[in-house]
Engineer: 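Pasting a structure below so you can have a look.
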Amino acid sequence: MPNFIERPRYFCALGGAMETITALPGAIPVLHAAPGCAGNITWTQNGGSGLQVGGYCGALHVPCSNVQEKEVVFGGVDRLREEIRHTLDIIAGELYFVITGCVTEIIGDDVRAVINQFREEGVPIIHAETGGFKGNSYYGYELVLQSLFKNYLTKGLEKKKNKVNLWGIVPFMDVFWRGNLEGLRLLLEKLGFEVNTFFTQDDTLPEIQKAGSAALNIVVSDLYGVEAAELFKEIHGTPFIVTPLPVGPSATHEFLRQAGEAAGIDPATVEKFVTQEKQRYYKYLEPLLEGYNDLDLQRHVIVIGDANYAVSLTKFLADDLGWLPELVVFSDPLNETQQQLFSQRFDLESGLQPVVVFETDTSEVIRHFKQNWPEFHGQKYYNAFAPGFVLGSSLDRELALSLGAAHLSVSFPVANRAIIDRGYTGFRGGLRLIEDLLGSCIAAR
Amino acid sequence: MSFKIAIASSDNQTINEHFGRARHFLIFDLVDSRFTLAEVREIASPHCGGVQHDAAAVENIVELLSDCRLVLASQIGPRVIELLRIKEIKGYAVSGLIDQTLARLASSYEVKNYLKNLE
Amino acid sequence: MSYLDNKEPPKREDRLQARIAYGGSICGLAKGKQGGCIADQERSFTQGSICLLLPGLAMLNSLPDSVVILHGAIGCGSCAHSQNANVRSGGNIRWGRVKDALWLSTALNESEVVNGGEPKLEAAIREAYRRYRPATIIVVAGCVPGIIGDDIDGVAARLQGEISAKILPVHCEGFKTKIWATAYDAVYHSLGRNLLDDPEEETRIIPDELEDLKEKHRLSRTVNLMNVSSMGRVDEQELERLLRSLGLSVNIFPVFSKPEEMYRVKYAALSISTCPTHDDYILKHLQEKYGVPYILQHMPIGIENTNHWLRDVAAFFHLEELAENIIAREVAELEEALAEFKPLFAGKKAFINAGEIRAFANAYLLTELGFEIVGIRSFHHDEFAEIEYEKLSKIAGQDYVVNIANAQPFEEANLLKKLKPDLFLGHWNGNATAAKLGIATHVIYNTGLNYIGYKGVYEMARRVYRQLKNPSFNRKACEYIRLPYHERWYEAEPFSHIKAQGGVNHA
């Protein structure tokens with residue numbers, strides 16, 4: 001167990017929960033926490049979420065019990081009760097979602113009892129215990145989903161064939177969450193699915209409440225939301241599949257094949273659709289082939305990302321773009337079992353075998369690189385890491401600079417880009433990513 | 001050093017007195033992880049006779065309670081809080097049943113940390 | 001006994017009777033209708049806010065050759081991701097080098113919360129020293145260690161003997177105070193306790209009287225200029241310019257200054273603050289213990305405020321006449337340059353929300369530019385604001401609302417809907433409410449921009465001018481974006497959720 005994490009690339013569990021709830025249409029996060037939590041979360045978004053801060057009820061608008069020393073000593077449930085009471089008066093929402101911070105969990109406030117009291121009055125209110133020390137923001141996301149599945153979704157609904165729920169992309173942690181979710185939603189809709197993605201503009205709470213009628217759940221992450229999928233299956237009986245986040249044509253082909261198979265769609269239909277989409281994709285790329293080759297835009301690349309991006313970006317770079325991932329760094333804190341699982345996700349079509357390491361600390365990445373790439377001793381013939389590229393977070397710019405490599409921020413924190421509805425999933429997402437990668441390479445042209 | 005709490009109460013059941021008006025304070029001590037009544041400490045002349053607060057009288061009361069770690073009353077003014085703080089005593093304005101409050105305090109981190117430091 | 005003899009500084013509610021819940025007016029405050037002291041009220045509805053950890057980290061992450069260890073839960077202090085931008089640009093403009101801030105988290109998990117986090121912190125300090133070899137290791141305690149009883153001062157004292165990096169414990173337990181400005185005290189407290197000793201002396205073998213005299217003279221003309229990260233380098237440069245025109249040489253503390261050189265703060269003729277909210281704690285200490293006098297009033301934002309500030313400094317050095325010449329020249333130049341902007345401002349209504357002194361100083365500035373102030377919100381109240389209330393009530397055409405609040409945008413939304421200002425000036429993460437109501441906004445604090453001194457007046461005018469010239473972005477956005485409040489809230493009294501401690505709401 002490391003004694004510290006350098007510049008952790010995430011929020012605490014409460015942060016993940018708060019931003020996930022803000023992303024839910026019509027949901028109001030209500031914090032039972034110390035006064036600084038909402039502010040810390042807001043500033044973090046400001047610094048790392050591609051200039052996306054808050055939403056309908058987010059940032060410093062979130063109701064919070066702002067517990068002080070007095071509540072720490074004597075308990076905070078009275079304050080919470082008062083806070084919820086007035087929140088209902090002032091804040092217009094369809095679902096009130098109470099989440100807890102470190103302080104209130106440590107002192108053992110019985111939040112459940114308070115929530116039950118309001119539920120008995122017919123208030124649409126649920127809660128989750130998301131004390132910051134329980135995990136990072138990805139875990140907060142997981143806890144919110146679990147509570148929704150358990151406490152908000154209607155139980156015992158009849159299953160509708162071709163209705164699917166899709167999750168695994170964490171709002172604000174994946175700064176491309178809106179484009180990513182929409183991209184996958186559109187693709188599945190074209191294949192004839194009725195899709196719920198919880199967090200896009202086309203999702204509504206009433207529809208989310210009926211999510212239990214889905215015949216299939218798709219989790220586009222090996223890690224985020226998988227436990228929630230197991231819980232969903234237990235409570236609502238819906239089976240689920242897990243696929244890596246599909247970025248680009250190869251991964252998206254596999255994604256649609258698996259989804260189609262799990263939903264009982266004729267494979268020929270799926271293949272026909274994929275072929276059409278690939279046709280479009282390559283038609284768009286057609287004029288790029290000249291410049292891509294003339295300017296020699298192939299790169300040696302270091303990929304640094306979370307559990308979703310480390311895998312999906314590497315696959316795209318190797319199998320679709322023909323680049324050379326040399327080193328892949330997982331920046332999430334992963335245990336041994338998880339590390340084993342992820343090490344096996346690099347069975348690349350192109351046959352490349354990048355070095356895969358698990359490293360939470362930004363300044364250590366260079367050490368891994370040096371251990372796996374021959375050093376320059378002034379020799380005449382040297383296989384340099386050039387032309388090079390670092391595809392990571394904004395914190396990896398120093399690494400790129402030291403290697404003389406180009407850089408693009410994709411994984412959290414993204415400080416130097418403004419992201420609105422851009423997404424990298426699917427076929428079109430692959431095109432977006434190519435634009436951004438190559439744009440970075442030729443910026444000084 | 002023991003863990004003593006001073007409570008301003010007129011009925012010995014609830015915390016219902018202002019700091020300045022209390023004629024006596026109930027002093028509880030931590031014994032075997034529970035708070036038990038140790039003494040009833042009389043205040044010679046409570047200071048809140050009228051609108052003007054007698055500064056010296058307030059300081060006297062604070063001095064009288066200087067062996068306590070916590071002082072609880074239904075109301076405590078900011079000046080008193082500051083005077084208490086200088087003596088490393090925490091003052092809280094709370095109301096409610098004394099028994100419940102003491103039970104809560106006995107399991108609080110204030111007490112846990114105190115006991116931890118004794119080891 | 002000095003405050004600095006204790007492990008932690010007192011919280012400002014106690015030390016300065018600072019308050020965060022009040023609704024009233026500028027004339028009311030100036031006349032001291034509250035009996036000179038605002039009651040310690042609370043709110044029955046509150047929104048999440050910031051705590052002292054955030055401004056504390058903003059300062060600490062700027063110190064060069066240091067590592068900040070956040071002792072707390074996973075993700076506590078992740079705000080550093082946003083402050084990193086300031087560290088990058090601040091370092092670049094001062095040293096020509098862009099470098100990310102370096103902070104670590106002990107990421108306490110559930111088991112460590114139950115069993116105590118001191119062993120992990122000790123190991124983290126040792127590991128941080130081994131890996132990064134910093135000159136300073138700053139250990140910041142968040143809420144969790146504050147509750148579970150981790151003694152960061154004890155750990156620092158235990159390890160100092162084996163590590164040559166200076167270990168600074170700083171207390172930022174957010175639940176302990178409602179006043180996040182206590183952050184300045186928390187940081188200064190640690191700096192004051194740990195960094196003010198002189199380094200081992202270099203004794204001159206051959207005494208040199210001339211050198212000694214020169215040194216004495218230099219120090220008699222040296223001032224400390226305090227900056228706790230609320231001024232960017234461009235603002236520092238404006239004040240340096242003015243102070244140098246008085247013949248003074250300037251040392252700036254504490255942001256971006258080397259911890260090992262902070263002892264020099266004792267060797268100055270005068271300490272100058274640009275904001276009493278920031279510096280009263282340390283400056284009082286420097287005077288009491290080391291005899292360094294200080295000036296602690298008038299934030300130099302706005303023409304008159306800058307004049308006051310400069311006059312105060314000049315008076316200390318008996319340079320009143322020189323100051324008047326400087327002021328006359330500066331103000332004449334400035335007024336000429338402002339002439340092109342003023343017509344657009346005439347009669348426009350402005351509303352301001354910022355830190356205590358900054359809000360009031362900017363209100364004065366905007367009045368000088370021709371705006372009519374219709375409301376001010378300030379993050380907290382204490383005695384240092386009283387002179388500001390007086391200044392503003394003298395120049396106020398009409399009385400206007402003053403709301404003391406630690407953010408709480410619900411009150412702001414209510415006020416803005418009623419007052420409909422043409423311009424809103426808000427703090428970091430404090431402009432979106434007004435923007436979503438279609439009001440032209442400008443950020444009142446940003447370390448990359450000029451706000452201070454005469455240059456600040458001009459640049460502020462220039463920026464506000466272009467905002468008012470084309471406010472289309474916010475104006476159009478508000479047609480499609482709404483705030484999360486019920487319509488009935490906008491009709492209610494804005495301060496209906498402020499109540500006496502433990503008492504009932506004012507209705």
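Treat the numbers as computed from the prediction; the structure is a model and nothing was measured. To find a chain, count down the sequence lines: A is the first, B the second, and so on, and within it residues start at 1. No hydrogens, no waters, no symmetry mates; every other heavy atom, side chains included, goes into these values.
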Engineer: For the interface with chain C, which of A:Ala13, A:Cys64, A:Gly15 has the highest count of heavy-atom pairs at distances below 4.5 Å?
Structural biologist: A:Cys64
Engineer: Mind ranking C:Asn406, C:Ile50, C:Val67, C:Val114 by heavy-atom pairs under 4.5 Å with chain A and telling me who comes out on top?
Structural biologist: C:Ile50
Engineer: Side chain, backbone, both or neither: which part of A:Ser363 has a non-hydrogen atom closer than 4.5 Å to chain C?
Structural biologist: side chain
Engineer: Which atom names give the shortest non-hydrogen contact between C:Arg482 and A:Ala92, and what distance separates them?
Structural biologist: NH2-CB, 4.2 Å
Engineer: Just do the side chain to side chain contact (heavy atoms under 4.5 Å, CB included) check on C:Arg131 and A:Asp361 with the steps written out, would you?
Structural biologist: CA-CA 11 Å; C:Arg131 206 201 274 191; A:Asp361 294 358; 2.9 Å; yes
Engineer: Rounded to the nearest 0.5 Å, what separates atom CG in A:Leu401 from atom NZ in C:Lys99?
Structural biologist: 12.0 Å
Engineer: Tell me which of these, A:Val30, A:Ile41, A:Val53, A:Thr87, has more heavy-atom pairs under 4.5 Å with chain C than the rest.
Structural biologist: A:Thr87
Engineer: Check whether any side-chain heavy atom of C:Arg126 sits under 4.5 Å from a side-chain heavy atom of A:Asn3, and report yes or no.
Structural biologist: no
Engineer: Given that the side chain runs from C-beta out, which part of A:Pro333 has a heavy atom under 4.5 Å from chain C: side chain, backbone, both or neither?
Structural biologist: neither
Engineer: Counting C-beta onward and ignoring hydrogens, is there a side-chain heavy-atom pair between C:Trp103 and A:Pro8 closer than 4.5 Å?
Structural biologist: yes
Engineer: How close do A:Cys12 and C:Ile74 get, counting heavy atoms only, and between which atoms?
Structural biologist: CB-O, 2.9 Å
Engineer: With chain C as the partner, which of A:Pro35, A:Gly16, A:Ala34 has the greatest number of non-hydrogen pairs under 4.5 Å?
Structural biologist: A:Pro35
Engineer: Just wondering, do C:Phe45 and A:Asp89 contact through their side chains at under 4.5 Å, heavy atoms?
Structural biologist: no
Engineer: Would you call the rings of A:Phe412 and C:His81 parallel, tilted or perpendicular if under 30° counts as parallel and over 60° as perpendicular?
Structural biologist: perpendicular
Engineer: With chain C, which of A:Val72, A:Ile90, A:Asn46 has the greatest number of heavy-atom pairs at distances under 4.5 Å?
Structural biologist: A:Ile90
Engineer: Among residues at least two apart in sequence or on other chains, which ones pass side chain to side chain donor-acceptor pair (under 3.5 Å) with C:Thr182?
Structural biologist: C:Thr177
Engineer: Evaluate the criterion side chain to side chain contact (heavy atoms under 4.5 Å, CB included) for residue pair A:Glu105 and C:Val113; output intermediate values, then yes/no.
Structural biologist: CA-CA 11 Å; A:Glu105 283 211 39; C:Val113 165; over 6 Å; no
Engineer: Could you check whether any side-chain heavy atom of C:Glu112 comes within less than 4.5 Å of a side-chain heavy atom of A:Phe133, counting everything from C-beta outward?
Structural biologist: no
Engineer: Is it the case that more than 12 heavy atoms not belonging to A:Ile366 sit under 6.0 Å from its CD1 atom?
Structural biologist: yes
Engineer: Let's test your reading of the structure: which of C:Asn429, C:Ile147, C:Asn109 forms the most heavy-atom pairs below 4.5 Å with chain A?
Structural biologist: C:Asn429
Engineer: Roughly how far, to the nearest 0.5 Å, is CG of C:Leu102 from CD of A:Glu6?
Structural biologist: 5.5 Å
Engineer: Quick check for you: among A:Gln45, A:Arg397, A:Lys134, which has the greatest number of heavy-atom pairs under 4.5 Å with chain C?
Structural biologist: A:Arg397
Engineer: Could you tell me which of C:Gly75, C:Cys51, C:Gly48 has the largest number of non-hydrogen atom pairs under 4.5 Å with chain A?
Structural biologist: C:Gly48
Engineer: If every non-hydrogen atom of C:Ala73 is compared with every non-hydrogen atom of A:Gly132, which pair is closest and at what distance?
Structural biologist: CB-C, 4.0 Å
Engineer: Got a second to check how far A:Phe11's CZ is from C:Cys76's SG, nearest 0.5 Å?
Structural biologist: 13.5 Å
Engineer: Does any heavy atom of chain A fall under 4.5 Å from the side chain of C:Tyr490, the backbone, both, or neither of them?
Structural biologist: neither
Engineer: Which residue out of A:Gly93, A:Cys37, A:Ala415, A:Pro413 racks up the most heavy-atom pairs below 4.5 Å with chain C?
Structural biologist: A:Pro413
Engineer: Given that the side chain runs from C-beta out, which part of A:Ile91 has a heavy atom under 4.5 Å from chain C: side chain, backbone, both or neither?
Structural biologist: both
Engineer: If only side-chain N and O atoms count, and only distance matters, is there a donor-acceptor pair under 3.5 Å linking A:Arg85 with C:Ser44?
Structural biologist: no
Engineer: By a 4.5 Å heavy-atom criterion (distance strictly below it), what part of A:Pro63 contacts chain C: side chain, backbone, both, or neither?
Structural biologist: both
Engineer: Quick one: are A:Thr362 and C:Asp100 in side-chain contact, heavy atoms under 4.5 Å?
Structural biologist: no
Engineer: Return the CD to CG distance between C:Gln408 and A:Asn66, rounded to the nearest 0.5 Å.
Structural biologist: 6.5 Å
Engineer: Hey, what's the ring geometry for A:His61 with C:Tyr485, parallel, tilted or perpendicular (30° and 60° as the breaks)?
Structural biologist: tilted
Engineer: For residues C:Glu173 and A:Glu69, determine if any side-chain heavy atom of one lies less than 4.5 Å from a side-chain heavy atom of the other.
Structural biologist: no
Engineer: Counting only non-hydrogen atoms closer than 4.5 Å, does A:Leu395 touch chain C with its backbone (N, CA, C, O), its side chain (CB onward), both, or neither?
Structural biologist: both
Engineer: What residue among C:Glu42, C:Glu13, C:Lys176 forms side-chain contact (heavy atoms from CB on, under 4.5 Å) with A:Gln68?
Structural biologist: C:Glu13
Engineer: Taking everything shown except A:Gln371 itself, do over 12 heavy atoms lie less than 6.0 Å from its CD?
Structural biologist: yes
Engineer: Between C:Arg43 and A:Arg79, what is the shortest heavy-atom contact and its length?
Structural biologist: O-NH2, 3.9 Å
Engineer: What I'd like to find out is whether the side chain of C:Leu54 reaches to under 4.5 Å of the side chain of A:Trp43, using heavy atoms alone.
Structural biologist: yes
Engineer: Can you tell which of C:Ala101, C:Ala128, C:Ala407, C:Ala123 has the highest number of heavy-atom pairs within less than 4.5 Å of chain A?
Structural biologist: C:Ala123
Engineer: So what's closer than 4.5 Å to chain A heavy atoms on C:Ile125: side chain, backbone, both or neither?
Structural biologist: neither
Engineer: Heavy-atom distances under 4.5 Å only: say whether A:Val67 touches chain C with side chain, backbone, both or neither.
Structural biologist: backbone
Engineer: Chain A: which of C:Phe410, C:Phe175, C:Trp180 shares the most heavy-atom pairs with it under 4.5 Å?
Structural biologist: C:Phe175
Engineer: So, taking the atom named SG in A:Cys57 and the one named CD in C:Gln47, what distance separates them when rounded to the nearest 0.5 Å?
Structural biologist: 7.5 Å
Engineer: Does a side-chain heavy-atom distance below 4.5 Å link C:Arg88 with A:Asn416?
Structural biologist: no
Engineer: Which atom pair, heavy atoms only, marks the closest approach of C:Ser78 to A:Thr44?
Structural biologist: OG-OG1, 2.7 Å
Engineer: Taking C:Ala80, C:Ala107, C:Gly77 one by one, which has the highest count of heavy-atom pairs under 4.5 Å against chain A?
Structural biologist: C:Gly77
